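One structure is given below, encoded as structure tokens.
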Amino acid sequence: MLKDTQAAEVTPDRDGEEVTLAGWVHEIRDLGGIKFLLLRDRSGIVQITCPRQKVPEEVFEKVPKLKKESVIRVRGTVQANEQAPGGVEVIPEELEVLSESETHLPLDPTGKVDADLDTRLDARVLDLRREEPRAVFRIRDVVTTAIREFLEDRGFIEVHTPKIIASATEGGTELFPVVYFEQDAYLAQSPQLYKQMLMAAGFERVYEIGPIFRAEEHNTRRHLNEAISVDIEMSFIESEEDVMRVLEELLAHVFRRVTEECEEELKTLDVELPELETPFERLTYEETLDLLSEHGVEVEWGEDLPTEAERKLGEIFDEPIFITEWPRETRPFYTMAKDDEVTRAFDLMYQGLELASGAQREHRYEILVNQIKEQGLNPDDFKHYLEAFKYGMPPHGGWGLGLERTLMTITGMENIREVTLFPRDRKRLHP
RNA sequence: GCCCCGGCGGUGUAGCCCGGUCUAUCAUCCGGGCCUGUCGAGCCCGGGACCCGGGUUCAAAUCCCGGCCGGGGCGCCA
């Protein structure tokens, strides 16, 4: 390796040790006879101090000529010093430029001058060198790790379903067409039908953390055309309650893990995570409409909740809530009906955002075929899916949780693009 | 797709309402100089911009029209 020590590993107790560091030139402060160079790597920032008397002349001359954000490598000696930030600095013996940066950076990675989100996304690589975006993506990593940890513990196995699918769809959202040899194909809007097929395959508990693609021309701060969905599907449930419990416990676990492991990152973002208390409050769709009405928001029975209603719920409840018993007309064909009017479907709402939705699914072949017809779809288009229901399909259910939206609630980011490395929206396809 | 607001150096901005005095403000930045303890270093000198097209006018960063782009809201979104 080109280095043996990370910036954050340079601590006062290593006084006198020789270290080799490598990273980016964060800042240079040239005071004439003494020059300070801040070296940044993934772990943090360390000060390289160059007093004229103590460093080789060649190194001393090189420092003021360094460009900000160039990649350098420094060999030197650790020196505990109360005058230095963190009480420690490195006196260099050798300094090598591995890659020189151009001047006039598209934005300021030290964060002294703000940049608009659009400017930041255009120069995302430079933007990701900043502290806040790094905190966001370290949290994102802890979140997905915590999700895997939680689900694996409960016997779920991770699966990967196809992202290129044939023309037959669940209806609803628009799909992106792709060129697939001589056939019509689309990018998958959800792993729904495949994870159900895996229930028929006898896997009983599966999860997938993968991309979903939606060709809607939406233009909001909480929608992306490519997003990551955390999906589970689970067999032998008695009712949707069984999968709702997995969801609430999972979310509480994720919040706990982030609180434990991301103290620094949360501080950087200036957020404090609540401890989520389970079980979450449950309201039926009908109760929700009544409650909204009391708060001056009228929604007609059978309608999905408009944005205003979602936000109002976010104001009324501090904690996540489940909305259950959605009307049949608001839900897709594979949802199990509870009676003539409502289904066994639920949504998870938090901070005015729909984080997840799920349901017990219809596992009975005849009823399922009828529901496909009722929604104006053609059962022939679902031949391979329906096959799965003919040879023994357990009662089952599951949900899909939007990873980015979950991250918005954790990091406090108000634009979903902030929690996505390279977001894809109506206008943005680069970088 | 609709509504509101906006687009000025590399970045973030002041100026626009009420056209001229704008050879356009401030910070950061970039280049040069001074400085041996900076930590948003300081000081001195220099550099760099009015989104595009059309119109009104003696005169447009400023007013009008169109386009493109962006922000927010809404719609759309199993």
Side-chain angles (χ1 to χ4, degrees), chain A residues 26-38 45-55 60 64-65 67-69 79 81-89 101-123 126-127 130 169-175 188-193 196 212-225 227 229 231 303-311 326 328-335 343 345 347 354 356-359 361 371-372 375 377 398-400 402 405 414-415 417 425-428:
Chain A
H26 188 69
E27 262 184 278
I28 301 154
R29 298 196 190 100
D30 183 356
L31 277 67
I34 185 166
K35 303 178 198 306
F36 301 96
L37 161 60
L38 300 184
I45 293 172
V46 63
Q47 176 167 290
I48 314 293
T49 303
C50 312
R52 190 196 294 277
Q53 308 304 338
K54 293 191 189 165
V55 303
F60 190 80
K65 294 198 177 71
K67 309 278 189 228
K68 282 188 182 178
E69 296 303 315
Q79 189 163 86
N81 185 342
E82 282 185 10
Q83 287 168 290
V88 67
E89 59 197 6
S101 173
E102 285 186 19
T103 54
H104 279 115
L105 301 167
L107 50 76
D108 172 21
T110 66
K112 268 182 276 187
V113 180
D114 285 344
D116 292 336
L117 182 57
D118 189 52
T119 305
R120 291 174 41 206
L121 292 175
D122 280 341
L126 268 278
D127 182 52
R130 296 172 49 243
T169 75
E170 310 160 39
T173 193
E174 295 290 318
L175 301 182
Q189 63 176 118
S190 122
Q192 182 60 34
L193 305 186
Q196 285 191 264
I212 56 172
F213 304 92
R214 307 207 167 166
E216 298 294 336
E217 299 199 352
H218 35 48
N219 189 220
T220 78
R221 54 197 172 90
R222 59 190 185 285
H223 290 278
L224 290 170
N225 293 292
S229 174
D231 267 87
E303 296 291 307
D304 255 318
L305 297 186
T307 310
E308 188 195 4
E310 294 185 342
R311 296 205 172 179
W326 286 79
R328 297 181 68 156
E329 52 265 53
T330 65
R331 295 288 143 159
F333 66 82
Y334 48 76
T335 309
T343 62
D347 274 4
E354 180 191 328
S357 61
R361 324 297 188 188
Q371 291 190 2
I372 289 176
Q375 300 223 348
L377 299 167
W399 43 255
R405 287 189 176 182
E414 286 181 349
N415 192 313
R417 294 161 184 82
D425 62 35
R426 178 68 185 87
K427 294 278 174 68
R428 185 175 285 280

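Throughout, protein chains are lettered first and strands after them, A, B, ... in sequence-line order, and every chain is numbered starting at 1. Just so it is clear, the structure is predicted and the values come from calculations on it, not from any experiment.
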Whole Å only: how far is the [atom1] atom of [X] from the [atom2] atom of [N]?
| X | N | atom1 | atom2 | result |
| --- | --- | --- | --- | --- |
| A:H218 | B:C74 | NE2 | P | 14 Å |
| A:N415 | B:G73 | CG | P | 9 Å |
| A:D108 | B:G12 | CG | P | 11 Å |
| A:E216 | B:C76 | CD | P | 10 Å |

OP1 or OP2 of B:G73 under 4.0 Å from side-chain N/O of A:R221: yes
Does B:U38 have OP1 or OP2 sitting under 4.0 Å from an N or O in the side chain of A:T49? no
Could you walk me through whether A:T49 and A:E89 pass side-chain hydrogen bond (donor to acceptor under 3.5 Å, both in side chains), step by step? CA-CA 6 Å; A:T49 303; A:E89 59 197 6; 2.7 Å; yes
[X] has a side chain; which of [options] sits nearest to it?
| X | options | result |
| --- | --- | --- |
| A:K112 | B:G12, B:C76, B:G40 | B:G40 |
| A:Q47 | B:U38, B:G75, B:G12 | B:U38 |
| A:V113 | B:G70, B:C39, B:A27 | B:A27 |
| A:E89 | B:C76, B:G37, B:C74 | B:G37 |
| A:N219 | B:C74, B:C76, B:C35 | B:C74 |
| A:A115 | B:G12, B:G31, B:G70 | B:G12 |

(request) Spell out yes or no: do the side chain of A:Q83 and the base of B:U38 have one donor N/O and one acceptor N/O closer than 3.5 Å? (result) no
Applying ring pair (Phe, Tyr, Trp, His ring centres under 6.0 Å) to A:W399 and not counting sequence neighbours gives none
